[in-house]
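So you know, we letter chains A, B, ... as the sequences are listed, proteins then strands, and number each from 1. Being a predicted model, the structure only gives us computed values, none of them experimental. Basis for what follows: all heavy atoms, side chains included, without hydrogens, waters or symmetry-related copies.
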There are 2 protein chains.
Amino acid sequence: MDYNYQTPRYLHVIEQIKTKINEGELEPGERLPSETEFAKVLHVSRNTLREALRILEEENVIIRKHGIGTFVNKKPVFSGGIEELFSITDMIKREGKTPGTDVLFTGYVDPHSDDITELLLDKTEKVYLVKRVRTADQEPLVYCIDKIPANLLSEGYELHGESMLTSLHEDASITISYAKADIKTIGYHKEISEILKCDSDIPLLILKQVHYDLADNPVLYSLNFFRSDQVSFNVFRKRIF
Amino acid sequence: MDYNYQTPRYLHVIEQIKTKINEGELEPGERLPSETEFAKVLHVSRNTLREALRILEEENVIIRKHGIGTFVNKKPVFSGGIEELFSITDMIKREGKTPGTDVLFTGYVDPHSDDITELLLDKTEKVYLVKRVRTADQEPLVYCIDKIPANLLSEGYELHGESMLTSLHEDASITISYAKADIKTIGYHKEISEILKCDSDIPLLILKQVHYDLADNPVLYSLNFFRSDQVSFNVFRKRIF
DNA sequence: ACGGATTTGTTCGTATGTATA
DNA sequence: CTATACATACGAACAAATCCG
């Protein structure tokens, strides 16, 4: 056998499989031929095919199930048109999944330096802090930290329901009109990655937001840590001449 | 000494230092007191201070120089108001840095399956491929892959200058009016991370864009891999009721 | 409840091309 | 040029999970 490594064979296999998916020969959810069979069809060894499948699984194109088979992924990647401010609850519903919430902490705490800067606080003002994990079909999707200046809330305020935006509107008469968002990423966070059941090689997408009410006062500072294998953000960018 | 481990002491130290920076007591570029001196001021051991400094360095808040001192970082983080479509050249200039480009490859190649999908190509149509590293003050900032359908370009087209948007406009009479962008992240890419001189623990921010001309035809498919310690994206999000 | 068939997961051995010192 | 390490490719055997009669 004469080899030609200018482009490795498994990359060709990846291209072939992706093409089959794009052309509809393989449809989302459909099972691929078994590895031995598929290897014959593609004229490569089972190992080479497996190397291609390994990468495609990493890219979330396929899902492999031990003892059952390999399937084309249903593109479940959450994706928001980010210019529109929506709640995470809505984002999950929009994908046809069921949103859930694990509340990890609620209470009034001293503000950090970032909080003071972003929410224009006094050092003496407390903030109402909520830490939650939001799930889609029981799977953890995003870790949320929300902070609200205590003086904007009535004494016994507690978050009700799942959506912070809705709860603030209905229970605290605070209407959020826009937010300034900052999108960043970190590789691994020993606490948060664990909570989201993320491997160390899956980075986290961070959405750091300051929300403003109708009078342009900052009322909610939130940090959302998304599993980056589940989420991407869309933006429509207009050219300004 | 009675200890209180509900929150570790170095976290308090981090807060104190960040507060000093936010309040202007420590200005960007300024040198911090020496570690021994600073430790006395903050009433912690030098070890505790060093743990705090280690984390602040990781967060790009300070820079430590062996034998010289510790300095407040100049917040050189590139940050784009992403709804506005600008060239990377402009983005770098806006930060007051000098843009540079290392061209790694230009030429006509067969399209991949993604290219065919995004640019609505035939399998037979070639694409003009450009791979570049864009630098700011000589430091690599972003790895760019740009693809243009060959049939949109005249025979001898070559990219001139630094900005793809400008070159397309002036040399190929193609005017880009908007783009659909997708923001993702990956943890490590053995080829690209190396080119950008990224450690394995610095993830890459990916801006995947399809650019359209005035007649809504897709004309440019580009992938930008940013060093995530240098870049974040801003978005202004409006609430839609 | 059991066993056999199917399928993916794991590991070994061998060989060849590529890159580096 | 040689030596070495590494990536790529193939084949084969067995383990583990699943399904079905």
Side-chain angles (χ1 to χ4, degrees), chain A residues 1-77 137-140 187 193-194 196-203 227-230, chain B residues 102-115 129-133 140 143 145 186-204 206 223 225:
Chain A
M1 202 79 166
D2 62 330
Y3 294 102
N4 179 0
Y5 285 156
Q6 54 179 348
T7 55
R9 194 163 294 183
Y10 66 83
L11 289 181
H12 284 298
V13 174
I14 290 175
E15 276 305 306
Q16 286 179 66
I17 296 175
K18 281 189 176 176
T19 304
K20 281 181 195 290
I21 294 173
N22 284 329
E23 291 180 350
E25 193 175 331
L26 291 169
E27 294 195 24
E30 192 180 335
R31 188 175 152 268
L32 301 187
S34 76
E35 292 183 357
T36 38
E37 193 181 334
F38 207 14
K40 271 185 202 161
V41 175
L42 298 172
H43 301 291
V44 293
S45 74
R46 186 174 164 225
N47 279 343
T48 305
L49 171 62
R50 282 183 60 78
E51 175 65 11
L53 294 178
R54 195 188 60 73
I55 293 171
L56 287 171
E57 186 178 34
E58 211 172 76
E59 291 180 1
N60 274 297
V61 177
I62 60 170
I63 297 178
R64 295 200 278 183
K65 295 180 185 177
H66 193 160
I68 305 182
T70 304
F71 301 83
V72 179
N73 207 332
K74 302 194 201 69
K75 291 239 182 195
V77 179
D137 285 356
Q138 320 299 332
E139 287 296 314
S193 295
E194 181 122 353
L196 294 176
K197 295 176 190 166
C198 265
D199 285 344
S200 65
D201 57 342
I202 299 181
R227 285 186 60 126
S228 66
D229 59 342
Q230 294 290 318
Chain B
D102 296 337
V103 177
L104 305 180
F105 178 88
T106 65
Y108 292 84
V109 299
D110 288 322
H112 283 206
S113 55
D114 287 350
D115 312 339
L129 168 65
V130 181
K131 294 185 178 181
R132 296 177 293 171
V133 176
Y143 178 79
I145 297 175
I186 53 167
Y188 181 75
H189 188 291
K190 66 171 185 283
E191 192 187 339
I192 297 173
S193 295
E194 180 124 351
I195 291 172
L196 294 177
K197 296 176 189 165
C198 266
D199 285 345
S200 65
D201 57 342
I202 298 181
L204 304 174
I206 306 175
L223 287 168
F225 298 81

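- A:Ser45 has no side-chain polar atom (N or O) that falls below the 4.0 Å cut-off from OP1 or OP2 of D:dA9.
- As rounded to whole Å, 14 Å separates atom C1' of D:dA7 from atom CG of A:Asn47.
- In this structure, A:Glu35 atom CD and C:dT11 atom C1' are separated by 15 Å, rounded to whole Å.
- Considering only heavy atoms from C-beta on, A:Glu30 stays 4.5 Å or farther from A:Phe71 through its side chain.
- Note: NZ (A:Lys40) to C1' (D:dG11) measures 13 Å, nearest angstrom.
- Using a 4.0 Å heavy-atom cutoff across all strands shown, A:Arg54 reaches no nucleic acid atom at all.
- Considering only heavy atoms from C-beta on, A:Arg31 stays 4.5 Å or farther from A:Lys65 through its side chain.
- Closest contact between the side chain of A:Ser34 and the listed nucleotides D:dT8, D:dC10, C:dT8 involves C:dT8.
- Of the side-chain N and O atoms in A:Tyr10, one or more sit less than 4.0 angstrom from OP1 or OP2 of D:dT8.
- The shortest side-chain heavy-atom distance between A:Phe38 and A:Ile17 falls under the 4.5 Å cut-off.
- Regarding contacts with the backbone of C:dT7, every side-chain N or O of A:Thr70 stays at 4.0 angstrom or more from both OP1 and OP2.
- Considering only heavy atoms from C-beta on, A:Thr70 stays 4.5 Å or farther from A:Glu57 through its side chain.
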**Request:** For each nucleotide in nucleotides 15-21 of chain D, reading 5' to 3', give B when a protein heavy atom comes within less than 4.0 Å of its base, S when such contact involves only the sugar-phosphate, and - otherwise.
**Result:** -BBS---
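- Between A:Arg50 atom CZ and C:dT11 atom P the separation is 11 Å, expressed in whole Å.
- Rounded to whole Å, atom C1' of C:dT8 lies 16 Å from atom CG of A:Leu56.
- The CG atom of A:Asn47 sits 12.0 Å away from the CZ atom of A:Arg54 when rounded to the nearest 0.5 Å.
- A:Thr36 comes within contact range of no nucleotide atom at all, as no heavy-atom separation falls under 4.0 Å.
- One can place CD of A:Glu51 at 15 Å from C1' of C:dT10, the figure rounded to the nearest angstrom.
- Atom C1' of nucleotide D:dG11 and atom CZ of A:Arg9 are separated by 14 Å, given to the nearest angstrom.
- One can place CD1 of A:Ile63 at 14 Å from P of C:dT8, the figure rounded to the nearest angstrom.
- Checking the phosphate oxygens (OP1, OP2) of C:dG9, no side-chain nitrogen or oxygen of A:Arg46 falls inside 4.0 Å.
- Of all heavy-atom pairs spanning A:Lys197 and A:Pro140, the tightest one is CD-CG, 4.1 Å.
- Counting heavy atoms from C-beta on, the side chains of B:Ile195 and B:Leu104 come closer than 4.5 Å.
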